[in-house]
Amino acid sequence: HLDYPEHLNAAVELTDRMVERGFGDHTALIGNGRRRTYKELSDWTNRLAHALVEDYGVQPGNRVLLRSANNPAMVACWLAVTKAGAVAVNTMPLLRATELTAIVDKAEIAFGLCDTRMMDELTACAKDSRFLRKVIGFDGTANHDAELDRIALGKDVRYESVDTGRDDVALLGFTSGTTGTPKATMHFHRDLLAIADGYAAEVLQVTPDDVFVGSPPLAFTFGLGGLAIFPLRFGATATLLENAAPPNMIEIIETYGATISFTAPTAYRVMLRAMEEGADLSSLRCAVSAGETLPSPVFEEWVERTGKPLLDGIGTTEMLHIFISNRLDDATPACTGRPVTGYEAKVVGDDMQELPTGEVGRLAVRGPTGCRYLADDRQAGYVRDGWNLTGDSFSRDEEGRFHFAARNDDMIISAGYNIAGPEVEAALLGHPDVAECAVVGVPDEERGHIVQAHVVLTDGVDGDDACVLRLQTHVKAAIAPYKYPRSIEFHDALPKTQTGKIQRFRLRGEIR
Ligand code: 3SK
């Protein structure tokens, strides 16, 4: 539904074109204590692109790995790589040399662009690599203290970007590996704009007055969209936080009057508690929740306290961003919403046939932004007739809204009952003693599997037998009693991926 010209470079559209459209003096990025206008960002990225091409030999089509926390320099380097017609591979700052090596080998990475504060692991990975030719340091603090920055400073602010096509690959997104080895997904220049012109325009209704804040890393396409592509596409402002713990996000919201937030349900729970202590989040007109399913109590309390929607949606790295979402004027608890314009979704059985309304099956999606895996023989298993089979079970109601049931791995079969782990989690979260929880099935001789809850308690609550009983009684009263957790374990924190998703497979004791 979105028609882009054959010759298209997404980074040019997000920078130089915005200056041409009159946004030159508008603030594009705030981070590391500085504001950057669209004109400054356009000049900065053009200089960097000159340096990458002329001094380091980056060629169109080369894969370039980027490694940094969320900061303006990371955004500038990503845009420069894209302007140079190279393919960006954004990676999580916490990755170690072994994980980086797997990415370098899979994507045949030629260059690494790395914040000088985190060079060690990438340098170690480059030592024996047959692909990685050079690791180039950049100054993440944007004080122009690294070689690349110094070279770039001497370059022209005008740069003739590489004449990429709309279907040329611009980005390789690695999946987070909640199920097995990460896959690399290929995204075109047009995909980068389509998520803004689709989801961000239709669902978020972004305007140049918006100020974005959030926690997902830019290396996760949820973050790249929400904290770079969406604001830049509409002449809005992105705030970038190297440490996006909830108190830091709250400070940014209060200081800059942020209007749109992107984070996971756990952070919204913390923000709700902070509001009780006086935090002022009234500037937020829209809060986006994704990555984990949004518990109804969090949704309801958010709406009650702020009078604004907390928008749950589902996205994947495969489809680049969110493809089913609630809407600003139509947000329902325990519901993921309807497909974003341009996407189709259906609930299917193992034979790929669509299931009747209300039945739980596998969610399949197709749309303009995916799904194409890089050299992966799992393509045929995950993409059938153009439909991408997600790892999630959903049902669809009569009004066409989709309802999450479980990740396929999270469906527990106990004594013949099908129990969706997230339903038990939602019930547990309704109890004031529970700060966070994850529910898994563990083998049991008698019942096949039993429901086991892993719980982080609210400060000051003891995880004793009385607490176990309280929580079990609470679940039995909230949902069908056979779903109650027969086993409850208490933790200080739950294991998570770097994108913030709970690693339930670790709680099940499977180490992959
Ligand atoms: O949750 C996810 O996996 C996701 C991935 C990419 C973009 C958006 C989202 C929510």
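For this chain, numbers begin at 1 and follow the sequence in order. Since this is a predicted model, take the numbers as computed values, not measurements. We count ligands from 1, going down the list as the structure has it; atoms in each ligand are counted the same way.
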Measuring from each atom of ligand 1, which residues have a heavy atom under 4.0 Å away? Phe220, Thr221, Phe222, Ala290, Gly291, Gly315, Thr316, Thr317, Leu320, His321, Lys501

Distance-only donor-acceptor pairs under 3.5 Å for side chains of residues 87-98, two or more places apart:
unit_1: Thr91; atom_1: OG1; unit_2: Leu66; atom_2: O; d: 2.8
unit_1: Arg96; atom_1: NH1; unit_2: Glu121; atom_2: OE2; d: 3.1

Heavy atoms from other residues, nucleotides or ligands near CG of Asp351 exceed 12 (cutoff 6.0 Å): yes

Residues Glu318 and Asn388: side-chain donor-acceptor under 3.5 angstrom: no

Only counting residues at least two apart or in another chain, list the ones meeting ring-ring contact (aromatic ring centres under 6.0 Å, His included) with His491. His454

If the plane angle is over 60° it's perpendicular, under 30° parallel, otherwise tilted; pick one for His26 and Tyr38. perpendicular

Can you name the ring-ring contact (aromatic ring centres under 6.0 Å, His included) partners of Tyr268, sequence neighbours left out? Trp302

